[in-house]
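In what follows, a structure is listed as structure tokens, so that the remarks can point back to it.
Heads up: numbering here begins at 1 and tracks the sequence. Note that the structure is a prediction, hence the values are computed from the model and not measured.
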Amino acid sequence: MCVLVGTRFPQTAAAGLEDALPGRTLVCLNPEPAYPPSALALPLGGGLRQGLRAVTARLEASPPRPGPPFPPHEGLRYLPHERSDGERIALREIVETIARALPEDANVVSDAGNTGCGVMHFLPAPRHGRYLLALGMGGMGFSFGAGIGAALANGRRTVVLAGDGSFFMHGMEVHTAVEHRLPITFVLFNNNAHAACLSREEFLYGGGRPYNVFRPSDLGQGVAAMFPGLRAATVRRLDELRDFLAATADSAGPAVVSVEVRHDEMPPYLPFVPFATAPADGPGKPAAPAPASIRSAERTEGVTPR
């Protein structure tokens, strides 16, 4: 059974799962039916809140039925991603460091690009918070306005995660957070590049284009100079990031931290799996085959630096 909550399962969400849907029961809690035609759809109309409460009440009233144990889960091993190695801090561990510092009721807003890939896979949603991802029509830079709107709406600590390319598009909305003293922590992943575009062109078009690599910039120090009194810094190590997040966790106003990362890091993006190798299998040796349910040629726990 596949349960959809508040979505019709468009192609961008269902990609890679089409082969597993035929013959399955697809329960769609949404005013409109789901898109996939192959599933046995059971649309539940009405408002989402009312539908969830009604279904939950029915489930809680039903006696539990024993069933077979869940099979071991592959987790995220099939996705390409790196691990930190000395001064080379990795996207996954940056995101996991942020996740450990999140309040349970935080608003989390993630932008597009490599940042969005890392946050989507490696940052669990806060238990009592809100979680917004740049999927569908959420383009680069949307996270700054969305994060400000979320903080204004409920007053909770809001964490905006965006790349330097997104910051250059709409990042000066930080000014609004400064003027209204909003409790927002802006985390900027600065690799001085449009790294998602760079990787895509390298792997799929026979070489990266130089216009996707920028001149170096120090976003943390730049923002600090622009807005005196704003807590802002540039960090290059995980312990520096932990210290900054701890020092600003209870501040009333905004804070900005720029994390220096590499533009040549392999992002956790499924179409890039065939280009990754797993160090556990030896440098340069293809990784072990992925589970049949995963549309990929290889599986990696980490990958060797390119």
Side-chain angles (χ1 to χ4, degrees), residues 84 86-91 93-103 106-116 118-119 123 132 134 140-152 155-195 213-263 265:
S84 296
E87 296 295 318
R88 299 167 62 92
I89 61 174
L91 175 63
E93 289 168 50
I94 295 169
V95 173
E96 290 173 339
T97 299
I98 296 167
R100 287 190 288 269
L102 281 179
N107 304 313
V108 176
V109 185
S110 174
D111 219 290
N114 286 0
T115 299
V119 172
L123 194 151
L132 300 174
M140 290 178 64
F142 103 104
S143 62
F144 295 93
I148 288 169
L152 282 169
R156 298 175 183 173
R157 171 58 57 178
T158 299
V159 178
V160 170
L161 304 111
D164 52 324
S166 297
F167 174 79
F168 289 139
M169 289 186 175
H170 298 292
M172 284 302 98
E173 286 300 319
V174 168
H175 173 260
T176 303
V178 172
E179 290 299 309
H180 293 277
R181 291 191 55 77
L182 298 176
I184 304 177
T185 300
F186 297 93
V187 181
L188 311 178
F189 294 74
N190 184 21
N191 51 28
N192 295 298
H194 282 146
V213 180
F214 310 150
R215 295 181 178 89
S217 59
D218 191 329
L219 303 182
Q221 294 302 317
V223 171
M226 184 178 294
F227 301 109
L230 173 65
R231 297 287 295 273
T234 294
V235 301
R236 294 174 174 82
R237 301 195 312 268
L238 293 175
D239 60 331
E240 293 177 338
L241 176 60
R242 283 192 295 267
D243 291 345
F244 183 91
L245 295 175
T248 58
D250 297 325
S251 59
V256 177
V257 58
S258 177
V259 187
E260 295 293 299
V261 295
R262 295 175 291 109
H263 65 253
E265 179 178 354

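Glu96 pairs by the side chain to side chain donor-acceptor pair (under 3.5 Å) definition with Arg92, not counting sequence neighbours. Partners of Met226 under the side-chain contact (heavy atoms from CB on, under 4.5 Å) rule, at least two apart in sequence or in another chain, are Met172. Judged as a side-chain contact (heavy atoms from CB on, under 4.5 Å), and not counting sequence neighbours, the contacts of Leu238 are Ser84, Ile89, Glu93, Ile94, Thr97, Arg242. A search for side-chain contact (heavy atoms from CB on, under 4.5 Å) contacts involving Gln221 returns Asp218, Thr234, not counting sequence neighbours.
Evaluation of the salt bridge (Lys or Arg N to Asp or Glu O under 4.0 Å) test over residues 229-241, restricted to residues two or more places apart or in two chains, returns Arg237-Asp239, Arg237-Glu240.
In this structure, Glu173 and Ile148 approach most closely via the heavy-atom pair O-CD1, 3.1 Å. Nearest heavy atom pair, residue Ala232 against residue Val223, reads CB-CG1, 4.4 Å. In this structure, Asp111 and Gly141 approach most closely via the heavy-atom pair OD1-N, 2.9 Å. Taking every heavy atom of both residues into account, Leu182 and Ala151 meet most closely at CB-CB, 4.4 Å. Between Ala106 and Leu102, the shortest heavy-atom distance links the atoms CB-CD2, 4.3 Å. Here the closest non-hydrogen pair linking Pro183 and Gly155 is CG-O, 3.7 Å.
Without hydrogens or angle criteria, Ser258 side chain to Val256 main chain gives no donor-acceptor distance under 3.5 Å.
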Solution key, residues 184-194 side-chain donor-acceptor pairs under 3.5 Å, sequence neighbours excluded:
{"residue": "Thr185", "atom": "OG1", "partner": "Arg157", "partner atom": "NH1", "Å": "3.1"}
{"residue": "Asn190", "atom": "OD1", "partner": "Asn192", "partner atom": "N", "Å": "3.1"}
{"residue": "Asn190", "atom": "ND2", "partner": "Ser217", "partner atom": "O", "Å": "2.9"}
{"residue": "Asn190", "atom": "ND2", "partner": "Glu260", "partner atom": "OE2", "Å": "3.0"}
{"residue": "Asn191", "atom": "OD1", "partner": "Ala193", "partner atom": "N", "Å": "3.2"}
{"residue": "Asn192", "atom": "OD1", "partner": "Ser217", "partner atom": "N", "Å": "3.0"}
{"residue": "Asn192", "atom": "OD1", "partner": "Ser217", "partner atom": "OG", "Å": "3.4"}

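The side-chain heavy atoms of Leu241 and Ile98, taken from C-beta on, include a pair separated by under 4.5 Å. At a threshold of 4.5 Å between non-hydrogen side-chain atoms, the residues His170 and Phe142 do not count as touching.
Summarising the geometry, atom OG belonging to Ser166 is positioned 11.0 Å from atom CG belonging to Leu161; distances are rounded to the nearest 0.5 Å.
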